[in-house]
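Structure first, commentary second.
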Number of protein chains: 2
Amino acid sequence: MISSTKPLLKMREDAEKIFHAGLAAVDPEAAIKKHCRIDKNNLIIGNNSFDLAMFENIFVTGAGKAGAPMASALEDILGDKITEGLINVKYGHLCKTSKIKLIEAGHPIPDQNGRHGADRIMEINRRASSNDLVICLISGGGSALLPLPGDGLTLKDKQDTIQTLLDCGAPIHEVNAIRKHISMIKGGRLSEAAFPASVMTMMLSDVVGDDLDVIASGPTVPDPSTFQDCLHIIKKYELFERLPSSVTALIKAGTEGKIKETPKKDSPVFTKTGNIIIGSNMDAIQAAEKKAVEIGYNTLVLSSMIQGETQDVACVHTAVAKEIRKTGMPLSPPACILSGGETTVTIKGDGKGGRNQEFALVAAIDIADESNILVLSGGTDGTDGPTDAAGGYADTDTLKRALALNIDPVQFLNNNYSYHFLEKTGDLLITGPTNTNVMDLRIMLVL
Amino acid sequence: MISSTKPLLKMREDAEKIFHAGLAAVDPEAAIKKHCRIDKNNLIIGNNSFDLAMFENIFVTGAGKAGAPMASALEDILGDKITEGLINVKYGHLCKTSKIKLIEAGHPIPDQNGRHGADRIMEINRRASSNDLVICLISGGGSALLPLPGDGLTLKDKQDTIQTLLDCGAPIHEVNAIRKHISMIKGGRLSEAAFPASVMTMMLSDVVGDDLDVIASGPTVPDPSTFQDCLHIIKKYELFERLPSSVTALIKAGTEGKIKETPKKDSPVFTKTGNIIIGSNMDAIQAAEKKAVEIGYNTLVLSSMIQGETQDVACVHTAVAKEIRKTGMPLSPPACILSGGETTVTIKGDGKGGRNQEFALVAAIDIADESNILVLSGGTDGTDGPTDAAGGYADTDTLKRALALNIDPVQFLNNNYSYHFLEKTGDLLITGPTNTNVMDLRIMLVL
């Protein structure tokens, strides 16, 4: 196989170092230990200080794919000070813990294990009294891993409802309004159950914009939406006949005051609840940027909130790289452009790939006439689509390698065969599972 | 109607000033006068100096929508020193000239007037001798306005060929290779006709990347493609049965040496030809940036080469604005982000609008939950799609105005009704025709 030129090989090493510096900053264990410590007899979590002498019990509850390392790190800090704990994690995402029990549950499709765990988590929170502290650990996947359908609803009713809303094109804030109102644990209800106990939540954010009430559907965060909003959404999309009757009945009952509304920001519940984000896409970007500066690159962070169709988003990125090459704007080489967020792929073919690999494939096509540009796009969870790759690389020689192998990049792209393409050109990014998830990180180097 | 808040109104005024500063920099007359002057008895064009005493005749030929003001400016500089001139312009794009004759012709569909003008332009160029200087003035639309089909081809054969190539998804460099080889004037053939006369071309660039051989299909620029390339393209897309037989016959004859190849960069022709760009998208961006700095904004130029589907490109732009609002990255408010290029719109509805108006509509939806962000997207030619608007504005109150009028932005977007939407919310950008075209300019302000 034709290999990249020497500068491109150096750039590939640099990009890998920069990516891993980003990952290290959002490692769940490191993130917990960065934001949580004991100082004398006080437990410091972010800007909050808890006098340990004041608390009879410390309970730990939560859910998410990073639950195991988060729990383990917290045990390292609090040890026997923890009374009891329970966290729902994804199948296979276990590690050794002592006080905090981990329950494996279904993700992305919720299952009975998740429901059972959610029940027990609610029981622990209800048991907590005003002399107790509940520490809640939330990470990506926490919504699916913490299913507790409202009265008379099955897990399937919930899933069908969400799918119907997505199918009719409802924007995410409308989907979330309904999701919270047909759950007994989301939209602040976990804090409500614990009240008057103190609740302190640490979150790894896997959502664009880091809105607290969106991450895992905000079990400890005030809910801005109401049952009335839900009814309005159902009317707007004419869903009365299309949603499970148990769901419409529950929401109607809510609007008639027969079911308690989710707690709002002026509720006394939230005088005793604190929420902090301990790891986000921007944290990864900033750590990556720091590493790039160390290596000697001029850096520019575009945004941590990039969304949209992967192909077009990739073209905007390569346009910036090409401008740097042509005019030295917006910054001079050696340049490193960083961005984050999560793009989408409209599937056209039956190929294997993921949004990050597709980003790399599009970039490879778009920079083929240039020199000394390298792109890395990777998922911080180490998994891009249904593949064993975290994402892909593209450099200004990638297309030459493809053409030497007689493979047509456009044909691979049109069938979403990004994995196979990058596998052949030697441009897959493989990290293995990272136990964290703050969406994607993209790194573009121009020498 | 609800009007924007006071800061937003100020930002709208600022954006308009910034946009018009960009336009002024690429005004054809100003651009000619910036790059062309007489110093003693020398004609200075860019870095080139022509001793006027050495030339018997100065001929002026060319084509493009900005031909009239370019010709007029050149007459202001050279006056009676011009022997004769002829430029093809679009219908209705005339102005008063003395020595340089303007011929109105069809655009975007070439017509017999254009062909007649191209014939006469070739005749002038062939007449020029080694003691003569030909100044060639090229601007957007120059390709369609300068049709001279090869032997045995009709204008319709040419059009059908290009359309067939576009329909089968051929990339633009393949379309251009064929376009040049079925023309008697493009791909450097104008310079070849004038040789051994000196040729100096001034171009207003309307193409992403400003590749000289792409602007108006490069009548005075070496052609990197060959008849063999054209044959390969025809084979690749299996077009032997689908292209007019006159076209395939001409290309086959070319590969057999029966028709002269277009001149290449090592041809003696180009020892006597110079090409400069006197106005480009980046020129507009830089002038706009200068104005933004004057007003007091921190500025960032993303790229002059932005392409892709308008909706997704707009979302990447608003992601940068939202990041500035949230974290002050990549720069602190008051911030002005600039970009250029030309996006595309995949039409889904039967509405009226254009890519810049659609950009504004998408931005309006995307920034509705923010404050003090304003977006302007406009075509530098003053025309966006089949409308009388140059583009549109969006600010963080645009959606409030729409909702107060009970109009659904998503419904308007899904039907490509951007013109009607922005008309109702008072967000159309109207400039009238500007007589120039360096693609689009986008300005995002964050206070």
Side-chain angles (χ1 to χ4, degrees), chain A residues 169-171 173 208-211 224 236 280-283 285-286 289 299-331 337-344 346 362 365-366 368-370 408-411 414, chain B residues 169-171 173 208-211 224 236 280-283 285-286 289 299-331 337-344 346 362 365-366 368-370 408-411 414:
Chain A
H173 71 271
V208 169
D210 303 326
D211 290 333
K236 178 172 166 186
S280 68
N281 188 269
M282 187 44 98
D283 289 328
I285 289 179
Q286 288 190 302
E289 186 187 25
T299 60
L300 177 73
V301 173
L302 281 184
S303 176
S304 67
M305 291 184 250
I306 306 274
Q307 293 174 290
E309 183 69 26
T310 302
Q311 287 200 31
D312 302 283
V313 172
C315 286
V316 176
H317 281 69
T318 53
V320 176
K322 289 194 276 189
E323 190 66 61
I324 292 172
R325 164 69 59 245
K326 191 177 177 202
T327 64
M329 300 232 277
L331 71 172
I337 303 285
L338 297 137
S339 82
E342 195 167 289
T343 63
T344 44
T346 304
V362 172
I365 296 168
D366 219 35
D369 291 335
E370 307 280 333
D408 179 354
V410 175
Q411 201 187 326
N414 288 343
Chain B
H173 71 271
V208 169
D210 302 327
D211 290 333
K236 178 171 165 186
S280 68
N281 189 270
M282 187 45 99
D283 289 328
I285 289 179
Q286 288 191 302
E289 186 187 24
T299 60
L300 177 74
V301 173
L302 282 185
S303 176
S304 67
M305 292 184 250
I306 306 276
Q307 293 174 293
E309 183 68 27
T310 303
Q311 286 200 31
D312 302 283
V313 172
C315 285
V316 176
H317 280 69
T318 53
V320 176
K322 289 194 275 188
E323 190 67 62
I324 291 172
R325 163 69 61 245
K326 190 178 177 201
T327 65
M329 300 233 276
L331 71 173
I337 304 285
L338 297 138
S339 82
E342 195 167 290
T343 62
T344 44
T346 304
V362 172
I365 295 169
D366 218 36
D369 290 336
E370 306 281 331
D408 179 354
V410 175
Q411 200 186 327
N414 287 343

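As a basis for the values below, the full set of heavy atoms in this structure was taken, side chains included, without hydrogen atoms, waters or symmetry mates. Quantities reported herein were computed from a predicted structural model and do not represent experimental measurements. Order of the sequence lines fixes the chain letters, A, B, ..., with proteins taken first and strands second; residue numbering starts at 1 for each chain.
- Heavy-atom distances place both the backbone and the side chain of B:D210 under 4.5 Å from chain A.
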side-chain contact (heavy atoms from CB on, under 4.5 Å) between B:M282 and A:K326, worked out: CA-CA 11 Å; B:M282 187 45 99; A:K326 191 177 177 202; over 6 Å; no
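- Between the CG atom of B:D369 and the CG atom of A:D211 there is a distance of 9.0 Å, given to the nearest 0.5 Å.
- One finds the CE atom of A:M305 at 13.0 Å from the SG atom of B:C315 (value rounded to the nearest 0.5 Å).
- Shown here for A:S303 and B:A319, the closest heavy-atom pair between the two residues is OG-O, 2.7 Å.
- A heavy-atom distance below 4.5 Å is found between the side chains of A:L300 and B:L300.
- Between chain A and the residues B:G169, B:G209, B:S339, the most heavy-atom pairs under 4.5 angstrom are made by B:G209.
- Of all the heavy atoms in B:L302 and A:V320, the pair that sits closest is O-CG2, 3.6 Å.
- Per-residue heavy-atom pair counts under 4.5 Å with chain A were compared for B:G341, B:P330, B:A321, and the maximum is reached by B:P330.
- Ranked by heavy-atom pairs under 4.5 Å with chain A, the list B:H317, B:M329, B:Q286 is led by B:M329.
- Residues passing the side chain to side chain donor-acceptor pair (under 3.5 Å) test with A:T327, sequence neighbours excluded: A:E323.
- Side-chain contact between A:Q311 and B:E309: absent, with no pair of heavy atoms (C-beta onward) separated by less than 4.5 Å.
- By number of non-hydrogen pairs under 4.5 angstrom with chain B, the leading residue of A:I306, A:T318, A:T299 is A:I306.
- When the side chain to side chain donor-acceptor pair (under 3.5 Å) test is applied to B:Q307, no partner is found at least two apart in sequence or on another chain.
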